[in-house]
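Index from 1, following the sequence. Bear in mind the structure is a predicted one, so any value in this text is a computation, not a measurement. Read the numbers this way: they start at 1 and go in the same order the structure lists the ligands and their atoms.
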Amino acid sequence: MRIPLIAGNWKMNKSVDDARSFMQIVSDQLPEPDQVETAIAAPAILLETMIEANGADRLRIGAENCYYEDAGAFTGETSPQALDQMGIPYVIVGHSERRSYFNETDDIINRKVHAVYRNHMTPILCCDETMGRLEAGEKIHWVVSQVTGALKDITDAQARQLVIAYEPSWAIGSGKSASADQAEEGCYLIRQTVADLYGDDVANQMRVLYGGSVNPENISQIMAKQNIDGVLAGGASLDPETFLQLVHYQK
Ligand code: 13P
């Protein structure tokens, strides 16, 4: 059985004080992790504060990015080895904002996926799909090539633990979510791509999330879909009360 994962991605939006007060509000009101797993991916600079404030230890605290080398002369980068030493379980890799603003290619993303696994963490691998590509009918090629490129030389055992987020960039931050059917179609396509690469058994174990303007009003419809195992919410994860509404969505 795939346990639902309701995750937030804070991006570059919070101060240390904001992070601490968010944790004070949510940490005792989260569901049992064996029912619904909850996570927030935050900038590296906030992680220590969040870990310290994670009262009941129910929230999984993830990173938004890391470098693909463990250590060395890479000024300003975040070491995946240091993240692991902090006890971080998840790292977002390949978010569309990293692909478009920081020129991350499939090759860089693949190296980061390897670095995350090498350091005993799990990647939340994001796949993009632009409106232009959707209109040009290129969605299938684009999603498949991102998944295939990111997973080069990843083993079956690693792929089994994987989390992939289907995040059409036209739905990110636009207030215009994909419909539940469109979200399901994208997530199904990702699972089929993993099935082609690793077989049905692996594809049925790994989790696929939808991200893009998820909010407390649309989450239940999205979560009702067969191939959607959770969400990756940006804006709706910033406010503690709204995040609590997401994690306690109606089944
Ligand atoms: P929004 O929920 O703000 O659209 O952001 C989605 C996202 O980018 C999550 O990674």
Quick one: side-chain contact (heavy atoms from CB on, under 4.5 Å) partners of R2, sequence neighbours excluded? R191, N204, R207, D229

Looking at residues at least two apart in the chain, or sitting in another chain, which of them share a side-chain contact (heavy atoms from CB on, under 4.5 Å) with E217? N215

Examine distances only and state if a side-chain atom of Y117 and a backbone atom of Q158 form a donor-acceptor pair shorter than 3.5 Å. yes

Considering only NZ, NE, NH1 and NH2 on the basic side and carboxylate oxygens on the acidic side, decide whether R118 and D70 come within less than 4.0 Å. yes

Contacts of D28 that satisfy salt bridge (charged side-chain N to carboxylate O under 4.0 Å, His left out) - sequence neighbours left out: none

Indicate yes or no: at least one non-hydrogen side-chain atom of C187 is less than 4.5 angstrom from one of K225. no

With hydrogens left out, which residues have an atom under 4.0 Å from ligand 1, given that only heavy atoms count? N9, K11, H95, E167, A171, I172, G173, G212, S213, L232, A233, G234, G235

